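These notes are about the structure you will find just below.
Values below: all heavy atoms of this structure, side chains included; hydrogens, waters and symmetry mates excluded. Just so you know, these numbers come straight off a predicted model, no measurement behind them. Numbers restart at 1 for each chain; the letters A, B, ... are given by sequence-line order, proteins then strands.
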Protein chains: 2
Amino acid sequence: MTAPLYAKVKEHILGHIRSGAWTPGMRVPSENELVETFSISRMTANRALRELTADGFLSRVPGVGTFVKEPPARSSLVELRNIADEIATRGHRHTAHIETRETIEASAALTEEFELRLPAKLFHLVMVHSENGVPVQLEERYVNPFAAPHFNEQDFSAVTPTGYLVAAVPVDELEHTVEAVMPTPDQQALLDIGEHEPCLALHRRSWSKGHVVTVVTLTYPASRYALHSRYKTSPSGTLSQ
Amino acid sequence: MTAPLYAKVKEHILGHIRSGAWTPGMRVPSENELVETFSISRMTANRALRELTADGFLSRVPGVGTFVKEPPARSSLVELRNIADEIATRGHRHTAHIETRETIEASAALTEEFELRLPAKLFHLVMVHSENGVPVQLEERYVNPFAAPHFNEQDFSAVTPTGYLVAAVPVDELEHTVEAVMPTPDQQALLDIGEHEPCLALHRRSWSKGHVVTVVTLTYPASRYALHSRYKTSPSGTLSQ
DNA sequence: TGTATAAGGTTGTATATACAGTATAGTGAA
DNA sequence: TTCACTATACTGTATATACAACCTTATACA
């Protein structure tokens, strides 16, 4: 049940970085210092530092030390943005209404997506977001009650589901998949679009401390929305090939 | 100079996966079998398998074994990846052919996109990339001759345009826009898809030292490709609301 | 036949140890 | 002062060993 030692060391270091106590460029404890602090072997300290380096949080220089890395510039495309804020930023009026709200038993596919060992109960929410009265986003979301037990007690008139989850659960990992889809008849009706209007489907999973918090599919009518990002590439170059 | 042992073991396994000798679902040698084969310690074999698992190539089940993972047909969202490499990573065959190659005078729209004060000459390239003979990406690219003067002298049989530009020009800024589109008749023909098949259009501009290097639109048939990214969130939290 | 138990293979983690390579600071000699 | 050398600290890799947890299969037993 208890986490492995190397994972605890990783969490210890990540905690200092996330809290802002250890800032980019700052030196983190050497392997031998971690050995002393945690009474572990050097190989265990090495694994923690090596994995954090692979994850992009640290950089190591032989003979010198290990340092907090500059956080990479992420695009708004992949940030966890709140559609209510985006619409407000444009000076438009955001409205939303809840289409479906229930607690379900996870299907086999959902059990796998949530990385659960056994089927369990999940919150299910379907919502339509509108900009100046025009539907622009269909939100179909599943939430792990273990990660956000009070999710289903919220009324989402003032705070969107994304806004609530970001505030309630510290997300430390994200996965995005974007694809083009044709809307199902249900989706056509909810978004008020024709059957030949293509849509952008943004599928997102988010993790907190190794557990999947939520799985959501955001569907945008192509004529009303595109996803955009612009950013500086990091110095060392995240550009592969 | 010579690569570490664990890296050699990784390459050995990746080679079998890339060549197609080891297919998804197939069992790969256990740690103890690798110990025998390569005369290494179990910890070294463990590191090779563990890192390949973290990289997404393998999946491991305690008490059972290690298996080749199903490679998803996905393109990276945030990195500047080369489609030839992506296809090779899945162990498939990449082919490409040049549809159009010319030097044109920039239109008003292109002049603006390239942030030029006056219309100028631009390289124009249209290419179709195929995976195992099936078209998966239509590349429509414009290149600024000032940034990459020798671009049009390349034959892109061994190196893709993306690969050439990344190596030749230090890109320091990127802009991505993703949208869902219906293919034009020309695009339908080049990608060999029907008129009702939606496509994902990834529009990218890249800058080097303040000048636009290239503007490219990559069109993917929705049924054959999705765009994907997964990453640890940066410490202080790029998560906006 | 059906069920509990044991054995063996597999991954996961942790330790102690060793040696190589690199960068830096300090020391001593020219 | 300047240069060469040395000691030290740090990372990188590799090995041998150990134990735990998990799964499958074979075996013994009722």
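When each of A:T44 and A:V64 is assigned the nucleotide of DNA chain C bearing its nearest heavy atom, the one mapping closer to the 5' terminus is A:T44. When the nearest nucleotides of DNA chain C are assigned to A:R47 and A:V61 by heavy-atom distance, the more 5′-ward of the two goes with A:R47. Residue order along DNA chain D, read from the 5' end via each residue's closest nucleotide, puts A:R27 first among A:M43 and A:R27.
Put simply, CZ on A:R50 is 13 Å from P on D:dT11, counting in whole angstrom units. The CG-P distance, from B:N46 to D:dT13, rounds to 15 Å in whole Å. At whole-Å resolution of the value, CG in A:L5 and C1' in D:dA20 are 13 Å apart. Atom CD in A:E31 sits roughly 11 Å away from atom C1' in D:dT13 (whole-Å rounding). Protein atom CZ of A:F67 is 10 Å distant from nucleotide atom P of D:dC10, rounded to whole Å. Rounding to whole angstrom units, CD1 of residue A:I40 and P of C:dA16 are separated by 11 Å. D:dT17 atom C1' lies 13 Å from atom CG of B:N32, rounded to whole Å. The distance from atom CD of A:E33 to atom P of D:dT11 is 8 Å, rounded to the nearest whole Å.
With no hydrogens or angles considered, a side-chain donor-acceptor pair links B:T2 and B:K8 at under 3.5 Å. Checking B:H203 against B:E175 by side-chain atom types alone, no donor-acceptor pair falls below 3.5 Å.
Residue-level contact check: A:L49 touches neither bases nor backbone, having no heavy atom under 4.0 Å from any strand.
Using a 4.0 Å cut-off between a side-chain N of Lys or Arg and a carboxylate O of Asp or Glu, A:R60 and A:E31 qualify as a salt bridge. Using a 4.0 Å cut-off between charged nitrogen and carboxylate oxygen, B:K10 and B:E51 count as a salt-bridge pair. By the 4.0 Å N-to-carboxylate-O rule, A:E33 lies close enough to A:R27 to be salt-bridged with it.
Contact of A:R42 with D:dG12 (side chain to base): a donor-acceptor pair of N or O atoms is detected under 3.5 Å.
Applying the 4.0 Å criterion to OP1 and OP2 of D:dC10, one finds that A:T66 has every side-chain N and O outside that range. Between A:Y6 and C:dT13 there is a side-chain N or O to OP1 or OP2 distance below 4.0 Å. Proximity of B:S41 to the phosphate of D:dT17: no side-chain N or O atom is located under 4.0 Å from OP1 or OP2.
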